[in-house]
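Input: a single structure, listed below in structure tokens.
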Amino acid sequence: MSIYDTLNAEQREAVFHTEGPLLILAGAGSGKTRVLTHRIAYLIEEKGVNPWHILAITFTNKAAGEMRERVDKIVGFGAESIWVSTFHSTCVRILRRYIDHLGYDNNFTIYDTDDQKIVMKDVCKYLQIDTKLYKERTLLSIISSAKDEMVTPEEFALRAESDFREKKIAEVYREYEKRLRANNALDFDDLLLKTVQLFETQPDILDYYQERFRYIMVDEYQDTNTVQFRFVSLLAAKYRNLCVVGDDDQSIYKFRGANIKNILNFEQEFEHAKVIKLEQNYRSTSNILDAANAVISNNTARKDKKLWTDNGEGEKIRFRDFDTAYDEAEFIVGDIKEKVNAGSCTYSDNAVLYRTNAQSRMFEEKFVTANIPYKVVGGVNFYARKEIKDLLAYLKTIDNGKDDLASRRIINVPKRGIGATSISRIQENASEREISFYDALRSVDLIPGVSRGVTKVESFVALIEHFKQRAEEVSISQLMDEIIEAIDYYEYLREEGDVEAEARIENIDELKNKIVAYEESCEDGMPTLGGFLEEVALVADIDSLDENSDYVVLMTLHSAKGLEYPSVYLAGLEDGLFPSYMTITADDPMEIEEERRLCYVGITRAKKELTLTCAKRRMVRGETQYNKMSRFLKEVPVYLLSSGNVVMKEETDIPKQNAYMQAVQSFHAKAFETPKPIRQFGNAGGSSSSYDVGDRVRHVKFGEGLVTAIVAGGRDYEVTVQFDNAGVKKMFAAFAKLQKI
DNA sequence: GTGCCTGCTCACGGG
DNA sequence: GAGCAGGCAC
């Protein structure tokens, strides 16, 4: 009996096919991680491949960690020399050794989204860009896509030709690049791009890695973008032992450049590629799977496949609709509490999934009130929090003074009386002399116009120099404590924001824990400040999920990819929220298909129980929205659903819409060609406030009148009313509070 | 230089 | 509803 006997025929085929390109189309829950780990074991134990020659790439550190753990379990010897890591950390490891060939220093810093924004702000100021016409966010996302597509600033400028706007953006791109380079910094996209540039310009380095990585495996292949594809192709070009695993139905990262063609055209790109489909699902009940299959079958752009399982039917899928998002959250929280109290499951068996991070707040409130342990994944990344970034900026400045953003961040935190004017003068001086911001601080007495701040700056420099000395003598955690002490950081936080201070201090404790964990994990080498900073730069929020703790997990559908739970709640299934308003109104029908794949991902996370919920009314950015139930809900066959105690009848159009909703919809049917999410108008109470052209209405001040026109404006509807005693008035529906009579 | 107020904009997803 | 730039008083 060998370990491979536990695999099914297709899985075994995938494991045994070790030479040449291989595409594994692995449906949700079809055991692809099992296949990958067994394949690694097979390569080493049966094919005699040196573990040193194996590279496995995943998307998150968490996935990498899991794979590493499972590989360690089945590979007896040499597992530690296999590279299992994310695209980004793989690239960082390569760049730390060789980026000097591209004119960077090997101890470059990595800029996160916040850092990018600060640089972009500077760039716009410098180029006198009107940030009303060109928003920083937009500019950054254009640059990001350009990098994903491997378009350099020069190429971007060429493509712009005579288009004024494009030319302007090209200028911004060039300046942004210049500044990153001057700061010896790379952004996330650069990590991939620079590695590819390195490979393309340095054949000997490429050859070294091609020889090293003779067997390459890539997980979640459907979410690779162009530059990642290029990276993998280059590495695999020599030995062609490339095994990619993916599911086109789970491609949900188009917005950050994922190119679904990478998987759809794999067989054209890599000649004689073997394709294996894994269609048996080991995760879910057949009811859940049938629902997933039914939904996804509405997509046109997909490879044909159908998941099946012999897990048995299981429970029906529960469907509940509520009046408000408040009721929805209350139901889900109460339901989980009931189940756990009855002893039928633990908290950690349950996950609540939603489309947007903003939806988490309502659930958080309810979980807190119900005293249920929970964890929200996503939202603000731990390392993006102000207090954490402040302290890390101290560490960065101490570690090497080259990161201008870090030094600038902390020079006046806590307040030292060094203001914006002094800071910009110092920055200008630093740029002129082509030295770093911190080096300029050291000779601040030579900078004209900063006389008043000189002593303050000097004492800041003395502080940093002192800690540089201490960094040589004490551990990182000790250093951290000394810094917090010296700058009286807790006191500073308490003065700043009263309510949040305690939460921030808790976060700092968490940071200290992470430092200690890093120090302990470095058994092979000395823990260094630089090493720690590098590690935290690439951490994603999802990486912090801990299976051993008992809490309910709340996260977006995007974060849930690759995870599974016995019981899943899919909340907020409303047109306008999920699928999102943007995709409904988009010209490109493919956008809805991407949303549908997201829905498919959500459904297939569930092993035993799936609960779908929606609310008629919810607050979105401060205003009440009325939404129809999601079109995806209607794609789930009615016979799979149960609604409360009553099993749904086939012919019922779910849910039964109340008179108000119908009225609102008929109004919209006239206002728009296509159905759109329904927004609030008239009074918020909702029962009988709808009116139409030709209706008699009552206004609180103007009395009674006749509605003569309703025009959709940007945010609201402009209603024209012929009042009996007050003449013709035009007013916005939300404010007018007109009552139909 | 700092702190407060106001008004404006933005609101999908993430390494 | 939140975060931020800009204006203003101290």
Side-chain angles (χ1 to χ4, degrees), chain A residues 57-64 85-92 110-114 116-118 121 124-125 131-132 135-138 140-141 144 147-148 186-192 220 223-225 227-228 251-258 353-362 377-381 383-384 386 412 414-424 450 452-453 456 495-496 536-543 555-561 572 576-586 591 594-595 597-599 601-602 618-625 714-715:
Chain A
I57 296 179
T58 60
F59 264 74
T60 63
N61 294 305
K62 182 176 154 64
S85 70
T86 64
F87 270 109
H88 289 93
S89 24
T90 305
C91 290
V92 170
I110 300 165
Y111 276 179
D112 67 14
T113 319
D114 277 2
Q116 290 178 279
K117 263 188 211 147
I118 294 169
K121 236 176 240 172
C124 289
K125 206 180 264 173
T131 48
K132 290 219 167 65
K135 300 206 180 62
E136 283 112 350
R137 267 174 51 97
T138 318
L140 281 170
S141 90
S144 173
K147 288 183 174 181
D148 287 344
L186 303 185
D187 62 25
F188 282 124
D189 304 307
D190 281 336
L191 298 178
L192 266 304
E220 307 284 7
D223 285 324
T224 52
N225 60 30
V227 66
Q228 288 165 334
S251 160
I252 54 174
Y253 279 105
K254 187 155 170 258
F255 75 94
R256 77 174 193 222
L353 310 182
Y354 37 77
R355 177 67 179 85
T356 68
N357 277 313
Q359 286 166 261
S360 70
R361 277 183 54 148
M362 188 72 76
V377 175
V380 185
N381 185 331
Y383 290 100
K386 172 198 148 42
N412 203 28
K415 301 255 177 312
R416 299 189 174 87
I418 304 168
T421 327
S422 305
I423 294 175
S424 62
V450 213
R452 245 195 315 160
K456 294 162 185 167
E495 279 170 18
E496 279 265 294
V536 305
L538 296 174
V539 172
D541 206 37
I542 190 84
D543 299 333
M555 64 191 146
T556 63
L557 290 153
H558 282 91
S559 299
K561 194 183 66 167
L577 187 64
F578 185 37
S580 77
Y581 183 75
M582 307 246 295
T583 56
I584 295 173
T585 50
E591 297 212 7
E594 174 130 334
E595 293 280 296
R597 289 193 291 270
L598 198 51
C599 183
V601 167
R618 78 169 63 231
M619 287 280 277
V620 178
R621 47 170 143 140
E623 70 181 22
T624 307
Q625 272 191 14
R715 292 185 142 227

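The sequence lines fix the lettering, A, B, ..., with proteins before strands; numbering per chain opens at 1.
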Task: Between C:dG3 (C1') and A:Lys117 (NZ): distance, integer Å - done: 10 Å
- [ ] Not counting sequence neighbours, which residues clear ring pair (Phe, Tyr, Trp, His ring centres under 6.0 Å) with A:Phe87? List them please.
- [x] A:Phe59
Open item on the list: Of the options C:dG1, B:dG15, B:dT2, whose atoms approach the side-chain atoms of A:Lys415 most closely?
Closed with: B:dT2
- [ ] State whether A:Arg137 places a side-chain N or O below 4.0 Å from either non-bridging phosphate oxygen (OP1 or OP2) of B:dA11.
- [x] yes
TODO: Could you work out which one of B:dA11, B:dG15, B:dG1 sits closest to the side chain of A:Ser422?
DONE: B:dG1
Open item on the list: Under the rule for ring pair (Phe, Tyr, Trp, His ring centres under 6.0 Å), what residues qualify as partners of A:Phe188, not counting sequence neighbours?
Closed with: A:His88
Open item on the list: Please find the pair of heavy atoms, one from A:Gln228 and one from A:Asp223, that lie closest to each other, and give the distance.
Closed with: OE1-O, 3.8 Å
Task: Interatomic distance, A:Tyr354 OH vs B:dG13 C1' [rounded to whole Å] - done: 12 Å
Task: d(CD, A:Glu220; P, B:dG15) in whole Å - done: 12 Å
TODO: Choose from C:dA2, B:dG13, B:dG15 the nucleotide whose nearest atom is closest to any side-chain atom of A:His558.
DONE: B:dG13
Give me the distances for all protein-to-nucleotides 5-8 of chain C N/O pairs that come in under 3.5 Å?
{"unit_1": "C:dA5", "atom_1": "OP1", "unit_2": "A:Lys121", "atom_2": "NZ", "d": "2.5"}

Task: Nearest listed nucleotide, side chain of A:Thr356, among B:dG13, B:dG1, B:dG14 - done: B:dG13
TODO: Calculate the interatomic distance between A:Met582 atom CE and B:dG13 atom P; express it in whole Å.
DONE: 11 Å
Open item on the list: A side-chain contact here means heavy atoms from C-beta on lying under 4.5 Å apart; do A:Ile252 and A:Leu557 qualify?
Closed with: no
TODO: Would you kindly give the CD-to-P distance between A:Gln116 and B:dG15, to the nearest whole Å?
DONE: 14 Å
Open item on the list: Rounded to whole Å, how long is the line connecting atom CG of A:Leu538 with atom P of B:dG14?
Closed with: 17 Å
Task: By side-chain hydrogen bond (donor to acceptor under 3.5 Å, both in side chains) - contacts of A:Asn61 (at least two apart) - done: A:Asp543
Open item on the list: So, using side-chain hydrogen bond (donor to acceptor under 3.5 Å, both in side chains) as the criterion, who are the partners of A:Thr60 when residues are at least two apart?
Closed with: none
Task: Closest to the A:Asp189 side chain, choosing from B:dA11, B:dG14, B:dG15 - done: B:dG15
Open item on the list: B:dG15, OP1 or OP2 - any side-chain N/O from A:Thr113 closer than 4.0 Å?
Closed with: no
Open item on the list: Classify A:Asn357 by what it touches in the nucleic acid, base, sugar-phosphate, or nothing, heavy-atom distance under 4.0 Å.
Closed with: sugar-phosphate
TODO: Remember a base hit wins even if backbone is also touched, and classify A:Arg361 as base, sugar-phosphate or nothing at under 4.0 Å, heavy atoms.
DONE: sugar-phosphate
TODO: Would you kindly give the CD-to-P distance between A:Glu136 and C:dG3, to the nearest whole Å?
DONE: 17 Å
Open item on the list: Between A:Ser424 and A:Thr421 (side chain of the first, backbone of the second, donor and acceptor by atom type, cut-off under 3.5 Å), is there such a pair?
Closed with: yes
Task: First of A:Phe188 and A:Ser580 reached from the 5' end of DNA chain B, by closest nucleotide - done: A:Ser580
Open item on the list: Classify A:Phe87 by what it touches in the nucleic acid, base, sugar-phosphate, or nothing, heavy-atom distance under 4.0 Å.
Closed with: nothing
- [ ] Pick base, sugar-phosphate or nothing for A:Thr86, based on heavy-atom distances below 4.0 Å to the nucleic acid.
- [x] nothing
Task: Length of the line joining A:Asn225:CG and B:dG14:C1', which is rounded to integer Å - done: 12 Å
- [ ] Go through B:dG1, B:dG14, B:dG15 for me and flag the one nearest to the A:His88 side chain.
- [x] B:dG15
TODO: May I ask you to say what A:Asn412 touches in the nucleic acid, namely base, sugar-phosphate or nothing, with a heavy-atom cut-off under 4.0 Å?
DONE: sugar-phosphate
Task: For A:Ser360, all residues meeting side-chain hydrogen bond (donor to acceptor under 3.5 Å, both in side chains), sequence neighbours excluded - done: none
TODO: Report yes if a donor N or O on one partner sits less than 3.5 Å from an acceptor N or O on the other, where the partners are the side chain of A:Asp112 and the base of B:dG15; otherwise report no.
DONE: no
- [ ] Under 4.0 Å between any heavy atoms, over every strand shown, what does A:Thr583 touch: base, sugar-phosphate, or nothing? Just pick one.
- [x] nothing
Open item on the list: Could you check whether any side-chain heavy atom of A:Arg256 comes within less than 4.5 Å of a side-chain heavy atom of A:Asn225, counting everything from C-beta outward?
Closed with: no
